[in-house]
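Here the structure comes first, spelled out in structure tokens, and everything after it is commentary.
Scope of the values below: all heavy atoms of this structure, side chains included, with no hydrogens, waters or symmetry mates.
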Amino acid sequence: MARSPIHRLSRYYRTLMLLGSFIFLSIVGLTVWVGWKQEEAVEIAIAQQRVDETAIRLQAMIKAANDTVSQAVSWANTFPQHAPYPGSAGLRRSVEQAIRQSEQGTFTLDQRGNLPAQERLGQLIGLNSVQQVDASHGVSHLDLAISLLDRMGSSQATSPFLRWTYFFSASEDLLALTPWASSAEMLGESPDIPTFLHSSWQNYDLTRMALPANNPQRQAFWTPAYLDQVGAGLMVSHAQPVYWGDDFVGVVAVDVLLNFLHEELRNFPDQDGTLLVANAYDQVLARRDQTIQSHSEITSLSTLLPMLSDTPDGVKQLGGSVQHDNLMLVDQLNNPHWTVLFLLPRNAITERVVASFMPQLLLALILVIGGALANIVLWRRFVAPTISVAEYVAKTADNTPPDPPEVPPLWRPWVAGMVQAFVERRRLFNDLAQANAELELKVAQRTQELMVANKQLTAQASTDPLTGAYNRRYLFELLSAEYARARRSAAAISVLLIDLDHFKRVNDNYGHDAGDAVLREFVERARNSVRSSDRICRYGGEEFVVLLPDCEAEGAMVLAERLRLSVAATPIQHAGHTILVTVSIGVAMLSSTDTEQSLLKRADQALYRAKNDGRNRSVLDMD
């Protein structure tokens, strides 16, 4: 027996319900997945920002060591022009007295240990021969050391983690350091002063790294970590060689105690994961989960992270990757080349995302359950009775209907009234014809409305939906029309080809919504900078073209500079971020030999030169 159209309709509707349920669940699932990923990205960005802030703080703190060395070296390199230095008379008398009282050709300033701390200035450990004046420069290494002690000793407390500031003479005959320490502390196990001074240039990293053969560029440098010989703790040295002209004089250095790193890491706001600071020598300088290390306990970073041996760029290359279920978040200091490394467990990120995303998950579950219940109620209360009624109507061949179908009580009055409806069927057909005529009239009216809407859509088709600027298609149509007009009337046309500098960094650092906001703000500022007759068109991505009818090259450059300065003058604020934006602009004026394409090409060449010259500038292509 062939199935009736009503049965086929029922089967189609069931299929439609299943398909709709599948699409609904897919949309809900995709929405949950996208939201989850976005929340995960937010958590990772927060953790990375904390790492970046720690690196910035460390860079600011360690600046004291850089400044101390650079100032001392600047003074030492030009000392022959300063000599004689008047501020060191008292210290010089102590040195001369110590040299007169020496018996083995060596001297120290141990006698100044009885002075108050602020008057000691520092210690000198040297050979009497250090008094010899350099014939080429008219001063001795001793003169330089005394002046350095006088200058450095008067401002020792520049930072609490700076331990020693000192000068080693390249002649291996002098050590000057501040603050004051006894010669016994400094010599340690060395039997005498000459042995100590000689071995310092043989065994100390900071002296060997300062030698001209090892540092021909005379650059400042940082040493590997080591244990202070007088028990101050783990430290590194920052040093720079001293030269008088082409003569290597010695090295100025400052020792930095690393205990401040542990304090900084303990104050890190994220308590999950492993946090450490490492240097360029594969040494772990500090770990949050450990106390201050002794010399024998200095850990190799490659021991903690074996994958570094297979990565050419080391930790920087692994930043943002997942290693052993830990997300590696990295930031690096410029000087010294230290790395702040945060190993954040993936399960910690997941827990945070679950905690923050739980309301959305619950909403998605409610939507799924609600959709299923709605389908069941819809079928039982409305669809199934509607199909029964439709079958009842289909079986009716004349004005005498068959027995009414079984329907819910809510439907029964409606079914009873339907019996009477069949009696008036003919009248309803006539009413339907009249309604059809009215409908045709309304269709004609709606058609007219659609024609108006189509005109509006045509206008929208020429506009970029994101920025409100004209789109690329409209640009070429307008350029063609203006080109033809210029050829007929010898009018001037100029174009500005604009590119937002380093726009990819905006998307990478702040997200694509920030990038969209930057594009919209740029177009708004551009409209306020050019004439009302000029047309701003989005050429593609972060590139825009401004078509300037009736505008010579000089006027085009004025408009370009006005636009460029309006963008660079004020950073763009978005979602709590301050985004600095600049633009590069290529300017070209239509020449007698130009085509539409060559005009844009010349503007593009000018833009290329603007970028190549450093960006944030306007360049005119001279035909």
Side-chain angles (χ1 to χ4, degrees), residues 9-53 268-273 320-322 324-329 342-387 408 410-411 460 464-468 504 506-521 572-579:
L9 178 63
S10 174
R11 184 180 62 189
Y12 293 154
Y13 186 79
R14 288 189 180 95
T15 302
L16 183 62
M17 287 183 63
L18 291 175
L19 181 60
S21 299
F22 174 77
I23 294 174
F24 174 75
L25 292 176
S26 299
I27 293 174
V28 171
L30 180 61
T31 303
V32 170
W33 183 82
V34 171
W36 179 279
K37 287 299 181 182
Q38 290 176 342
E39 195 66 34
E40 185 179 57
V42 169
E43 294 295 338
I44 294 174
I46 292 173
Q48 180 65 58
Q49 181 179 2
R50 290 169 175 168
V51 173
D52 296 341
E53 291 172 350
F268 192 74
D270 198 325
Q271 298 304 312
D272 291 320
S321 64
V322 177
H324 303 297
D325 292 329
N326 290 307
L327 178 65
M328 297 184 63
L329 301 175
F342 185 31
L343 299 177
L344 182 59
R346 293 288 297 179
N347 58 359
I349 298 176
T350 301
E351 291 173 0
R352 298 175 189 181
V353 174
V354 169
S356 59
F357 200 61
M358 185 57 67
Q360 291 90 323
L361 292 176
L362 292 176
L363 178 60
L365 181 61
I366 292 173
L367 288 175
V368 171
I369 295 175
L373 292 176
N375 270 338
I376 293 174
V377 171
L378 181 63
W379 178 265
R380 292 190 175 182
R381 301 293 294 177
F382 297 98
V383 177
T386 300
I387 293 175
L410 182 65
W411 289 66
Q460 294 175 0
D464 175 49
L466 174 62
T467 63
K504 183 176 183 299
V506 176
N507 286 330
D508 292 344
N509 294 337
Y510 305 103
H512 288 279
D513 57 335
D516 292 345
V518 167
L519 292 176
R520 288 191 293 268
E521 179 62 18
I572 295 174
Q573 304 294 329
H574 176 77
H577 297 291
T578 298
I579 305 174

Reported CG-to-CG distance for the pair Leu343 and Asp325, which is rounded to 0.5 angstrom: 12.0 Å

Gln48 side, atom CD; Asp52 side, atom CG - distance, nearest 0.5 Å: 4.5 Å

Inter- and intrachain pairs under salt bridge (charged side-chain N to carboxylate O under 4.0 Å, His left out), touching residues 42-51, at least two apart: Arg50-Asp270

Heavy-atom pair of closest approach, residues Thr350 and Trp36: CG2-CZ2, 4.0 Å

Gap separating the CG atom of Leu466 from the CG atom of Asp516, nearest 0.5 angstrom: 4.5 Å

Gln573 side, atom CD; Ile579 side, atom CD1 - distance, nearest 0.5 Å: 8.0 Å

Donor on one side chain, acceptor on other, Asn347 and Glu351, under 3.5 Å: no

Trace of the side chain to side chain contact (heavy atoms under 4.5 Å, CB included) decision for Asn326 with Arg346: CA-CA 5 Å; Asn326 290 307; Arg346 293 288 297 179; over 6 Å; no

Closest non-hydrogen atom pair between Pro345 and Gly273, with its separation: CD-CA, 3.5 Å

Parallel, tilted or perpendicular: rings of Phe342 and Phe268 (30°, 60°): perpendicular

Spacing of CD1 belonging to Ile44 relative to CD1 belonging to Ile349, to within rounding of 0.5 Å: 4.5 Å

Inter-residue atom distance Leu373.CG - Ile366.CD1, 0.5 Å rounding: 12.0 Å

Nearest non-hydrogen partners of Asp272 and Ala348, listed with the distance: OD2-CB, 3.9 Å

